[in-house]
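Below, read A as the first sequence line, B as the second, and so on, with proteins coming before strands; counting in each chain starts at 1. Since the structure is predicted, the reported quantities are computational estimates derived from the model, not experimental observations.
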Amino acid sequence: MNKLHIYDSLSSKIKPFEPLEKGKVGMYVCGPTVYNDVHLGNVRTFLSFDLIFRYFKYLGYKVKYVRNITDVGHLVNDLDEGEDKISAKAKAESIEPMEVAHKYTLGFRNVMREFNALPPSIEPIATGHIIEQIEIIKKLLETKLAYESNGSVYFDITEYSKENSYGELSGREIEDLINGSRDLDGQKDKKSPLDFALWKKASKSHIMRWSSPWSDGFPGWHLECSAMSEKYLGNEFDIHGGGIDLKFPHHECEIAQNVGNSGKKGAKYWVHTNMLTLNGKRMSKSSGNVLLPMEIIKGDSKHLTKSYDSNTTRFFIHQAQYRSILDFSDEALKASEKGYKKLSSALELLKSRKNIGPENGSFDVKKWNHSCESAMNNDFNSPQLIAYLFEASKVIQQDIKDPSILGKNGAELLSEKMNIWIHEVLGLTDFKDQGSGIYKKALEGAMNIVFDARKNARERKDWETSDSIRDKLLRAGIQINDGTNESDFTVTQ
RNA sequence: GGUCUCGUGGCCGAGUGGCUAGGCAGAGCUCUGCAAAAGCUUGUACAGCGGUUCGAAUCCGCUCGAGACCUCCA
């Protein structure tokens with residue numbers, strides 16, 4: 001594809017991307033609720049959007065990427081009566097709600113940095129936008145799309161549905177929703193079980209509260225995204241993203257709020273990333289079926305046989321398309337580790353290529369690069385991009401034997417392009433960059449001494465000594481690779 | 001129960017009417033004192049059963065299986 005195409009969940013179609021404003025992209029992504037550590041499933045979503053962000057930049061767009069932090073409004077159960085997640089956690093840990101939010105916000109940012117995700121342009125926080133949320137509620141009350149009940153305010157789905165179709169994003173019918181809704185307590189203030197809270201009156205014990213025209217209370221969860229996306233991106237912007245689990249009810253409610261507030265649905269393209277599963281089941285905090293990013297990096301999990309670095313993990317994630325369910329397993333990670341190592345060393349090989357061969361080689365680098373773009377233009381098909389990168393790695397190997405394949409210009413161009421795809425678009429860093437400078441240098445010095453001693457033994461054909469050194473080093477985590485003339489080593493763990 | 005999605009070789013995972021995806025593992029080869037590493041070569045798979053078609057993994061129907069959402073969740 002010559003032009004970027006994106007799958008839009010609202011129309012269920014792959015559509016050519018046309019920015020609302022030429023050369024610019026406005027993208028809003030639902031960020032984490034900071035009451036707990038983010039798990040690898042959360043990371044997948046944010047890395048998928050990081051890839052999207054990076055590819056827009058690659059295409060030359062000026063991107064305003066807004067990703068919020070949810071620190072209020074998330075109730076523990078569906079009754080709109082439960083305790084807020086942040087305040088529940090605060091009680092459990094005997095600290096201020098703000099401390100909980102702050103702690104896990106910092107944790108989240110650390111994880112994102114570890115995985116080399118670019119920071120968003122703006123990272124707004126829900127509690128910093130209470131006023132904006134109240135303003136939207138006022139407007140919805142004016143237009144009769146909301147009603148007050150005992151100090152709380154609810155969105156009126158019945159009223160909204162007279163002129164709009166609630167459920168269009170998730171493909172649901174109002175009747176099915178009503179039939180499927182649970183008839184539980186705590187709904188007594190609502191006219192219909194489908195109505196959702198815009199403002200909740202706080203009970204006496206509730207610690208997080210703000211004053212409003214209706215009561216001392218707190219905003220409903222869905223409202224913050226409408227308020228913040230409107231504030232930073234306007235009534236209409238290009239992309240609204242989030243995990244597929246947010247499609248209903250969160251994004252459905254957002255659309256309803258947006259339409260009630262401004263007459264516009266918000267985003268032109270709705271993008272939903274699929275789930276990361278563990279043992280075939282989705283990861284979720286509440287079920288305990290989770291893997292934490294740090295557990296992978298430290299190798300500290302019953303699901304793993306060893307540790308994997310953030311590059312490997314990121315490579316693994318991008319080896320699946322963002323709309324597919326991706327199943328996590330130790331074996332799959334191991335495969336990604338080897339694969340990325342292979343790709344990475346091919347690029348190293350290309351960088352150290354001697355300036356030999358004809359000016360122009362037989363391999364068409366421009367055409368190849370076009371294929372890479374074409375893959376990404378097809379709804380960010382990163383696995384296909386990676387397949388092309390492996391094709392290039394093969395070409396690099398062939399060119400070592402026959403420099404007429406790439407030629408001088410081809411080698412230079414391919415090096416530049418691969419660098420862009422691997423580092424700038426896929427967001428991976430070099431394998432060899434790991435380990436800090438002074439230790440690495442000291443180890444190399446020590447290894448040279450070992451190599452000398454071993455070379456001596458080998459020249460005497462004292463295989464017992466040379467093999468013993470090799471075996472012992474392997475057990476110590478250093479693997480020796482004997483080449484024809486000289487030896488090399490890699491650190492295995 | 002309702003709505004929806006998916007089922008690709010040992011594993012992960014693209015493709016989606018006719019053309020080798022790719023990676024890992026396995027096998028063979030090259031290199032090598034041996035090993036390892038690395039490189040090269042190699043696999044004709046699309047849940048099952050029907051149908052449409054000159055032709056289907058790709059479209060339609062049914063069956064079986066898995067998952068998601070319907071309640072907080074990326």
Side-chain angles (χ1 to χ4, degrees), chain A residues 12 29-33 35-36 38-49 70 73-80 82 84-85 167 170-173 175-177 179-182 184 221 241-250 252 272-277 280-287 290 315-316 319-321 323-343 345-346 349 375 378 381-391 393-394 397-398 400-401 458 461-463 466-467 470-471 474 479-484 487-490 492:
Chain A
S12 304
V29 171
C30 290
T33 304
Y35 70 101
N36 219 334
V38 287
H39 57 67
L40 204 65
N42 304 119
V43 170
R44 184 196 183 189
T45 290
F46 300 125
L47 289 186
S48 297
F49 285 108
T70 298
H74 240 170
L75 300 167
V76 170
N77 61 46
D78 71 318
L79 307 179
D80 288 345
D84 186 274
K85 281 189 170 180
S170 51
R172 278 156 225 264
E173 303 294 332
E175 279 184 24
D176 294 340
L177 285 169
N179 292 337
S181 77
R182 299 179 184 186
L184 297 166
W221 171 37
I244 201 166
D245 52 343
L246 298 183
K247 206 172 183 181
F248 186 90
H250 184 57
E252 202 74 71
H272 291 101
T273 58
N274 217 320
M275 298 290 104
L276 179 69
T277 60
K281 295 263 162 64
R282 74 170 282 205
M283 274 192 204
S284 83
K285 292 172 194 172
S286 46
S287 69
V290 289
F315 188 71
F316 164 72
Q319 265 184 306
Q321 209 258 0
R323 281 197 290 131
S324 301
I325 291 171
L326 172 61
D327 191 52
F328 181 93
S329 70
D330 188 63
E331 207 183 348
L333 255 260
K334 222 174 253 176
S336 291
E337 184 177 51
K338 279 210 128 188
Y340 181 55
K341 211 168 170 179
K342 184 177 179 176
L343 203 55
S345 57
L349 199 60
N378 185 14
N381 195 329
S382 52
Q384 207 170 66
L385 166 66
I386 288 171
Y388 286 123
L389 293 174
F390 277 112
E391 187 190 299
S393 112
K394 202 169 201 172
Q397 296 290 352
Q398 288 167 344
I400 295 295
K401 288 174 192 150
R458 293 179 74 199
K461 296 197 192 296
D462 178 3
W463 308 127
S466 72
D467 289 356
R470 189 172 64 195
D471 293 348
L474 184 62
Q479 185 169 56
I480 289 190
N481 310 312
D482 291 328
T484 315
S487 299
D488 196 2
F489 74 95
T490 51
T492 54

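At a threshold of 4.5 Å between non-hydrogen side-chain atoms, the residues Ser324(A) and Asn274(A) do not count as touching. Residues Thr277(A) and Phe328(A) have side chains not in contact (no heavy-atom distance under 4.5 Å, counting atoms from C-beta outward). A 4.5 Å side-chain heavy-atom check between Arg458(A) and Trp463(A) finds at least one atom pair inside the cut-off. Side chains of Thr490(A) and Asn481(A) form a contact here, defined as non-hydrogen atoms less than 4.5 Å apart. Within the 4.5 Å cutoff, side-chain heavy atoms of Phe248(A) are placed close to those of Arg172(A).
Counted within 6.0 Å of CD on Glu173(A), heavy atoms from surrounding residues, nucleotides or ligands total 12 or fewer; the atom is thus considered open.
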In B/S/- notation (B base, S sugar-phosphate only, - none; protein heavy atoms under 4.0 Å), nucleotides 8-14 of chain B written 5' to 3' is ---SSSS
Per-nt protein contacts along nucleotides 35-48 of chain B (heavy atom under 4.0 Å; B base, S backbone sugar-phosphate only, - none) come out as BBS-SSS-------
For RNA chain B, the expected dot-bracket line (Watson-Crick or G-U under 3.5 Å, [ ] crossing, | inter-strand) is (((((((..(((.....[...))).(((((.......)))))....(((((..]....))))))))))))....
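Across the P atoms, rC60(B) and rC6(B) are found 11 Å apart, a figure rounded to whole Å. With P as the reference atom, rG7(B) and rC46(B) are 13 Å apart, rounded to whole Å. Atom P of rU63(B) sits at a distance of 42 Å from the matching atom of rA25(B), rounded to the whole Å. Spacing between rC64(B) and rG48(B) at atom P, rounded to whole Å, works out to 16 Å. Here, rG1(B) and rG9(B) have their P atoms 29 Å apart, quoted to the whole Å. Straight-line distance between the C1' atoms of rG2(B) and rU58(B): roughly 29 Å, to the nearest whole Å. Between the P atoms of rG15(B) and rG26(B), the separation comes to 28 Å (whole Å). Across rU41(B) and rC54(B), the matching C1' atoms stand 36 Å from one another, rounded to whole Å.
Here the C1' atom of nucleotide rA74(B) and the OH atom of Tyr35(A) are 11 Å apart, to the nearest Å. Straight-line distance from the CG atom of Leu474(A) to the C1' atom of rC34(B): 15 Å, rounded to whole Å. Rounded to an integer number of Å, the gap from CG of Leu246(A) to P of rC72(B) is 11 Å. As a whole-Å value, the separation of Leu389(A) CG from rA21(B) C1' is 13 Å. In this structure, the CG atom of Asn274(A) is 11 Å from the C1' atom of rC69(B), given to the nearest Å. Nucleotide rG67(B) holds its C1' atom 15 Å from the CE atom of Met283(A), rounded to whole Å. Distance, Tyr388(A) OH to rG15(B) P: 11 Å, rounded to whole Å. At whole-Å resolution of the value, CG in Asn36(A) and C1' in rA74(B) are 14 Å apart.
A close approach under 4.0 Å does not occur between any side-chain nitrogen or oxygen of Ser466(A) and OP1 or OP2 of rC34(B).
Here the side chain of Asn378(A) pairs no donor or acceptor atom with the backbone of Asn381(A) at under 3.5 angstrom. Between the Ser382(A) side chain and the Leu385(A) main chain, no donor and acceptor come within less than 3.5 Å of each other.
Listed candidates were rG33(B), rG23(B), rC70(B). Nearest to the side chain of Trp463(A) is rG33(B).
Counting any heavy atom pair closer than 4.0 Å across all strands shown, Gly31(A) reaches sugar-phosphate atoms only and no base atom. Note on Gly242(A): only backbone sugar-phosphate atoms sit closer than 4.0 angstrom, heavy atoms only; bases stay farther off. Note on His39(A): a base of the nucleic acid sits closer than 4.0 angstrom, heavy atoms only.
Using a 4.0 Å cut-off between charged nitrogen and carboxylate oxygen, Lys334(A) and Asp330(A) count as a salt-bridge pair.
Of the listed residues (Val38(A), Thr70(A), Asn42(A), Val43(A)), just one forms a side chain to side chain contact (heavy atoms under 4.5 Å, CB included) with Pro32(A), and that residue is Val38(A).
Applying the salt bridge (Lys or Arg N to Asp or Glu O under 4.0 Å) rule to Arg282(A) yields the partners Asp245(A); only residues at least two apart in sequence or on another chain are considered. Residues that satisfy the salt bridge (Lys or Arg N to Asp or Glu O under 4.0 Å) test with Asp327(A), not counting sequence neighbours, are absent from this structure.
Checking Thr273(A) against Ser48(A) by side-chain atom types alone, no donor-acceptor pair falls below 3.5 Å. Side-chain polar atoms of Ser336(A) and Gln319(A) form a donor-acceptor pair below 3.5 angstrom. Defined by atom type and a distance below 3.5 Å, a donor-acceptor pair is present between the side-chain atoms of Asp482(A) and Ser487(A).
Relative orientation of the Phe390(A) and Phe315(A) rings is perpendicular, given thresholds of 30° and 60° on the angle between their planes.
In terms of position along RNA chain B, the nucleotide closest to Ala387(A) lies nearer the 5' end than the nucleotide closest to the other residue of the pair Ala387(A) and Thr45(A).
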Could you pull out the protein-nucleic contacts involving nucleotides 2-4 of chain B (nitrogen or oxygen on both sides, under 3.5 Å)?
from: rU3(B); atom 1: O2'; to: Gly171(A); atom 2: O; distance (Å): 3.4

